[in-house]
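One structure is given here, and the rest of the page talks about it.
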Amino acid sequence: MTTVDIMLPYYGDPELMRAAVRSVQAQTDPQWRLTVVDDGREPGVPEWFAALDDPRVRYFRNPENLGITGNFRRCVDMVEHDLAVMMGCDDIMWPNYVATMRAAVAAMPGAAMYQPGVRVIDGDGAPVRTLVDAAKKWIGPPARTERARLSGEELAVSLLRGNWLYFPAMCWRSADLKAVSFREDLTVVQDLALVMELLLRGETLVTDPEICFDYRRHAMSESSVQAFSGSRFAEIRRYLYGVADDLDAAGWHRAATVARRHVSTRVHALTMVPRALRHRELGVARNLTSHAFASRPAGRPAEEAAAEPAPSSPTSS
């Protein structure tokens, strides 16, 4: 029986982390192991895990802060079973999560990635509908009542128009996760980079419509617009231009065109400009506007001259 390695890279609110741990402990399917890798120094956390005294739960505290990407990479290195999850430390697994993922793998083996149904909750744990998540549903594949296998350039185009996956809810084939891992030079788009690399290697994604995971989306305070200043969008732009070259090399010219245009990230930047102006963050506003209207490098003449086709569904089987 395949055990699911649930990896939880932790930094932040101890109470939300404890709720995440309890949700894993409540799984109806016992074939799991939880590993918490603490990248912070919150008081009382090691003592709480010691008192938990659950042999299914491992806890490690990093000797020094590794940062987001460093801690994620350490978690990948510590995976030992055939399936792995990189769970968010403020998210919630429904009791049926492990059972749902193991059933999906059994029914449609061989995929590198499995995406279950997800409910979005706010900071207080209440279900919420946001513009971002409405866009994910519009951009993503049509709603299905059965599992589907997606792959190839059609899936790449769909994800590059707007990443509709919920990364912390995904279950991965560990060998593929370890083979690619997270790029050391990325922090903002490391999840998309991982998925795109696997697609370019010929791997597939399975979607399962059964909802079994709460993804917590915290409301963004107006002042937090500074966190999305130019450096973050610069990373996104740098990654998308770079992956466009990889897509062209693979013959996926339509996907490369979408990556170079990156319309969704431009629109995202524009929506944040009014908040930056309200807080008189003029430098942030300039950076956001610069990203929104940045000219893209010239692509291959053939595909750049052609108009981008209308959105279509990812390839499925």
Taking side chain as C-beta onward, heavy atoms only, is [X] less than 4.5 Å from [Y]?
X	Y	answer
Trp94	Ser23	no
Leu247	Leu160	yes
Val85	Met93	yes
Val243	Glu197	no
Tyr114	Met170	no
Leu165	Leu159	yes

Check your understanding: Quick one: do Val188 and Leu186 end up in the same hydrophobic cluster if we chain Ile, Leu, Val, Met, Phe, Trp and Tyr together by side-chain heavy atoms under 4.5 Å apart?
Key -> yes
Review point. Side-chain heavy atoms under 4.5 angstrom apart, residues restricted to Ile, Leu, Val, Met, Phe, Trp, Tyr: same cluster for Leu16 and Val36?
Key: no
Is it the case that more than 12 heavy atoms not belonging to [X] sit under 6.0 Å from its [atom1] atom?
X	atom1	result
Phe60	CZ	yes
Asn65	CG	yes
Gln25	CD	yes
Arg41	CZ	yes
Glu47	CD	yes
Ile211	CD1	yes

Could you verify whether a donor N or O on one side chain and an acceptor N or O on the other, from [X] and [Y], lie under 3.5 Å apart?
X	Y	value
Ser158	Trp164	yes
Asp133	Thr130	yes
Glu235	Thr187	yes
Arg266	His291	no

Do NZ/NE/NH1/NH2 and the carboxylate oxygens of [X] and [Y] come within less than 4.0 Å?
X	Y	result
Glu15	Arg22	yes
Arg216	Asp122	no
Asp185	Arg238	yes
Arg33	Glu80	yes
Arg260	Asp248	yes
Asp176	Arg173	yes

Rounded to the nearest 0.5 Å, how far does [atom2] of [Y] lie from [atom1] of [X]?
X	Y	atom1	atom2	value
Thr289	Met272	OG1	CE	11.5 Å
Ser290	Arg237	OG	CZ	5.5 Å
Tyr10	Asn71	OH	CG	11.5 Å
Leu240	Thr265	CG	OG1	6.0 Å

Ignoring hydrogens, what is the shortest heavy-atom contact between [X] and [Y]? Give both atom names and the distance.
X	Y	value
Gln115	Tyr166	OE1-N, 2.9 Å
Val4	Arg102	CG2-CG, 3.9 Å
Tyr59	Pro46	OH-CG, 3.5 Å

Exercise for review: List the steps, then state whether side-chain contact (heavy atoms from CB on, under 4.5 Å) holds for Arg129 with Lys137.
Suggested key: CA-CA 11 Å; Arg129 293 177 61 87; Lys137 288 186 177 181; 4.1 Å; yes
